[in-house]
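On a predicted model such as this, the values are computed, not experimentally measured, just so you know. Naming: A, B, ... by sequence-line order, numbering from 1 per chain.
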Amino acid sequence: MNSPEIEHIKPAGRTDAIIWTEGLTRSFDEEVAVEDVTMSVPRGSIFGFIGPSGSGKTTTIRLLTGVYRPTAGEIEVLGRDPARFTQATRAMIGYMPQLFVLYPELTVWENLNFVSSLYGMKLRRKQRLHEVLSFVELDEHRHKLVRDVSGGMQRRLSLAATLVHRPELIFLDEPTAGIDPVLRRKFWDHFGELKEAGRTLFITTQYVSEAIYCDFVGVLSKGRLLVVDTPKALRYQAFGGDIVDFQAEQPLSFQHLHALRELSFVQALPRRVSEAHVRLIVGEAATDIPELLEWAQAQEIAVASVEEYMPPFDDVFVELVEEDNGG
Amino acid sequence: MVGRIWRFFIRISAFLRKEVFEVWRQPRLILTLILGPFLILLLFGIGYRVKAEPVRSLFVMQEDNPFREYLEEYTSGINPLLDFAGVSDSEVEAKARLRRRELDLVIVLPEDPLARIENSEQAVFQIFHNEIDPFQVDYIEAFARIYIDEVNRHLLADIAEEGQEQSGDAREIVSTTRDTAGRMRQALESGEIDEAMRYRDQLVRGAGLAATLLGSTADLLEGVEQRFEAGDVEADPVVTSLNQIQEEVAALSQMEADQDDYSEEAARAARIEEQFASLEEAMGDFEAIAPSVIVSPFRGEVQDIAQAPLRLSDFYVPSAIALLTQHLAITFAALSIVRERRGGTIELFRVSPVSAIETMLGKYLSYFVFETILLAILTALVLWGLRVPMVGQWANYALITGVLIFTSLGLGFVISLVAETTSQAVQYSMIVLLASIFFSGFFLSLQLLRPAVRIVSWLLPATYATQMLQNVMLRGTFGDVELLYVLALMGAAFFILAWLLLRRKMARR
């Protein structure tokens, strides 16, 4: 299989990665929550950690932030073992827990002020607080008690609290869980801006479709990291090549289908969508689509459309997990 | 370095502001915390009656019982304590009324008390009650003792009065005998020896009779004087007079009708006359003593040397302040960290640069400030609202309550770190409160507890504070300063333990 345009990532070196793990394992009694995770996250990237509920995403974040101690394996975050984090190292990390943990009896401003103090920010920080609240569009709600604001606003406050001290490395544990699609999109826009500002984001999510916003994606299932790659490479890896939708003007005969399967660049013909519409897997869509058109012309088939199909990441994820399960 | 120290204080201050704002946002809670205890103390001060309730008492005796006519008189001395419910001749009916709680006491008098006493046996008053409250049982028993003492006292007073009346007869004999001695002396001086011999015989009989009548009383008085007078006790004048009279009379018995000289006998008769005169005077003094004084020669007068007059509610105020301060501190602290743990904020702390010691100091500081404000308002309300005296120094009051808050917060934080849930933390706090009510000396003196149980008392911060605050507020002295040292040491131990536990909770797991 030839795939010259797919940029598979090479593991960043231990020295140039902001996060580096090897054989990271964590068990709780007899239950293995995270098993043999090896990965590296380059600085200034968005690393998406995707997996279903209970797959070990939060445990991995807790291992990386120094909340948990690994049962086996090695970790280096910001060049240090989390067990040896200094206060200065911790001040370089931002962490947004999965659930809202701030105080409902305090206002938005007071909560943010509290977190700022936890990070030892200087007392003249009013401007920074306004800045970060504006970033998450909460500045005009700053005097409201948190118990009186919506769940979405609470998530935004959590994000503001994570960012207020300008961390270099940001861990976000399912930041978009349970919020509406519009806000989710806004969150990812914010994450993009942070990346542009040179921050590194390690984001866990259950929404597989959000993988598209990431520079690198790690797929986690049952505590094991199935694959780490770019979103495009993952898609390719999931289906064994690019997917092309071929639609003819008239129904395709059995002979046409047989001939299609025999073409050298066609990897598989997984699905007949309708009598005139088939979905093919090819080595590389960009070079193989012209060849497909030539073949159709030679076969005197009137072509309605030929285009690369981008399957949703849910499908990619299912493919990868099933593949891992031997399905 | 300066930056690090500065950030250390910034992180501590985070908790101060957060905790104060959180509580400030709950005005109803603040009102309850301040006004609740004050109103309870106020209600207690107004509502608690020191005066004992009169005991409704029914007497059971037969119609012919000799006590019947004296009953009202015998109960008059304890009238405020006894509510005379009448006399019945049926013990069964009286007990039935007791069971129905119509009466507090049924007193069954002995059937033939005089016969028993004459038989050298005590006559027993049977006293029945139907109380289940141990304190009320104690009161009833004390009341019964007082009542029986009162009956005995009345009886003795009657006997003493009778004795005094009899003493009047003896005095007449003494007076007659003294006259006889005078006539004998005159007869001797005028040489009427036969007449003198006749008076001598009358004198010997009169002196013997007086000795018999007065001897036992004189011995009794002498015995009392010997018991209560320190050092060498002079012989009682009655006893001395009687002894001297006996000696002189014995000598006069030797007088013969044919002696040459009777001057010595005349002198003896004159001395006997003088002795009887002084005896008569002493008897006059004895008769002047009230019978009630004879049977109850002593009574007590109690005076308080405290600097301020105290009401019952005043006594409870220092212990109530100690108990409330301890309870509030423990409850606030106990809920504090367990709430952070349950809410997940502790995870935020674990990832952030804040350390266990900074968290602990921040929490201590915030609740210390909050508790101090609450206590200051409560103290002002109690002192000016209930007019409870403050005899001692305010600096001592502040020192004791400060150490109490510090120690109680430590205990609360330990509870908070041991408890897994908020309801567990509340339960533990309530157990400490319950133990404090019973064992801290709040309403039961520590002296009433067995020494082994007092160990529990001395594990409670409120015990130390109660003792010290009572001394400072009501006596005006600090008392035992070692109590403060031990309380402070306990506080330090709780602080270290809480810090170690929190460090463990915040460490990598």
Side-chain angles (χ1 to χ4, degrees), chain A residues 26 28 58-59 61-70 75 77 81-107 109-111 113-123 125 145-147 158 161-162 164-165 167 169 171 173, chain B residues 1-30 332 335-363 365-366 370 503-509:
Chain A
R26 171 68 202 216
F28 295 98
T58 301
T59 304
I61 281 204
R62 286 177 175 166
L63 285 162
L64 298 176
T65 51
V67 174
Y68 286 161
R69 190 190 298 274
I75 321 174
V77 175
D81 179 351
R84 293 186 176 80
F85 273 172
T86 60
Q87 284 190 316
T89 317
R90 289 188 184 281
M92 292 161 75
I93 293 174
Y95 172 50
M96 178 176 169
Q98 198 177 108
L99 299 172
F100 180 76
V101 297
L102 295 172
Y103 304 100
E105 297 300 332
L106 301 187
T107 63
W109 181 270
E110 286 160 359
N111 267 297
N113 209 16
F114 170 70
V115 177
S116 310
S117 294
L118 283 188
Y119 280 88
M121 285 176 68
K122 60 184 180 182
L123 294 176
R125 58 194 174 209
L145 290 179
V146 165
R147 65 166 184 230
S158 280
T162 309
V164 69
H165 60 289
L169 174 60
F171 290 97
D173 194 2
Chain B
M1 185 64 185
V2 176
R4 277 180 64 183
I5 294 169
W6 186 234
R7 279 194 291 276
F8 173 81
F9 285 111
I10 288 175
R11 280 193 281 267
I12 288 173
S13 74
F15 293 97
L16 179 62
R17 281 198 308 270
K18 190 269 281 186
E19 302 290 355
V20 170
F21 281 137
E22 259 196 317
V23 180
W24 190 249
R25 291 276 146 66
Q26 302 173 66
R28 206 176 292 173
L29 173 71
I30 297 171
F332 273 122
L335 288 173
S336 171
I337 297 176
V338 78
R339 220 168 38 193
E340 308 274 17
R341 280 166 52 208
R342 301 296 294 177
T345 332
I346 201 91
E347 194 173 315
L348 208 63
F349 300 166
R350 291 166 77 184
V351 178
S352 77
V354 75
S355 64
I357 191 76
E358 288 164 344
T359 308
M360 194 47 77
L361 284 174
K363 295 256 175 200
L365 190 64
S366 50
F370 182 66
R503 211 168 70 147
R504 217 173 70 178
K505 297 274 178 199
M506 285 177 70
R508 292 214 308 167
R509 283 179 288 171

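- Applying the salt bridge (charged side-chain N to carboxylate O under 4.0 Å, His left out) test to pairs two or more places apart or on separate chains, those with a residue in residues 7-16 of chain B are Arg11(B)-Glu358(B).
- Of the listed residues (Tyr103(A), Tyr119(A), Tyr68(A), Tyr95(A)), the one with the most heavy-atom contacts under 4.5 Å to chain B is Tyr103(A).
- Looking at Ser355(B), the atoms closer than 4.5 Å to chain A (heavy atoms on both sides) sit in the backbone and in the side chain alike.
- Note: Gln87(A) leads Met96(A), Gln87(A), Glu105(A), Arg62(A) in heavy-atom pairs under 4.5 Å with chain B.
- Annotation: side-chain contact (heavy atoms from CB on, under 4.5 Å) contacts of Leu123(A) (sequence neighbours excluded): Arg125(A), Trp6(B), Ile10(B).
- For the atom pair Glu347(B) CD and Thr58(A) OG1, the distance stands at 8.0 Å (nearest 0.5 Å).
- Residue contact with chain B, scored on non-hydrogen atoms closer than 4.5 Å, involves the backbone and the side chain of Leu106(A) alike.
- Highest contact tally toward chain A, considering only Val351(B), Val354(B), Thr359(B), is held by Val351(B) [criterion: heavy-atom pairs under 4.5 Å].
- Proximity to chain A involves both the backbone and the side chain of Phe15(B), based on heavy atoms less than 4.5 angstrom apart.
- Heavy atoms of Pro82(A) lying under 4.5 Å from chain B belong to its backbone as well as its side chain.
- Distance CZ/Phe114(A) to CG/Leu16(B): 11.5 Å, rounded to 0.5 Å.
- Nearest heavy atom pair, residue Arg17(B) against residue Ser117(A), reads NH2-OG, 2.8 Å.
- When each of Glu340(B), Gln26(B), Met506(B) is checked for heavy-atom pairs under 4.5 Å with chain A, Glu340(B) comes out on top.
- Annotation for Leu118(A) and Pro353(B): closest pair O-CD, 3.8 Å, computed over non-hydrogen atoms.
- Interface residue Arg350(B): backbone and side-chain heavy atoms are both found under 4.5 Å from chain A.
- Within a 6.0 Å radius of CZ in Arg503(B), other residues, nucleotides and ligands contribute 12 heavy atoms or fewer.
- Note that the CG atom of Leu348(B) and the OG1 atom of Thr162(A) stand 7.5 Å from one another [nearest 0.5 Å].
- When the candidates Pro167(A), Ala83(A), Ala91(A) are compared by the number of heavy-atom contacts under 4.5 Å with chain B, Ala83(A) comes out ahead.
- With a 4.5 Å cut-off on non-hydrogen atoms, Asn113(A) touches chain B through its backbone and its side chain both.
- Ranked by heavy-atom pairs under 4.5 Å with chain A, the list Arg339(B), Arg4(B), Arg25(B) is led by Arg25(B).
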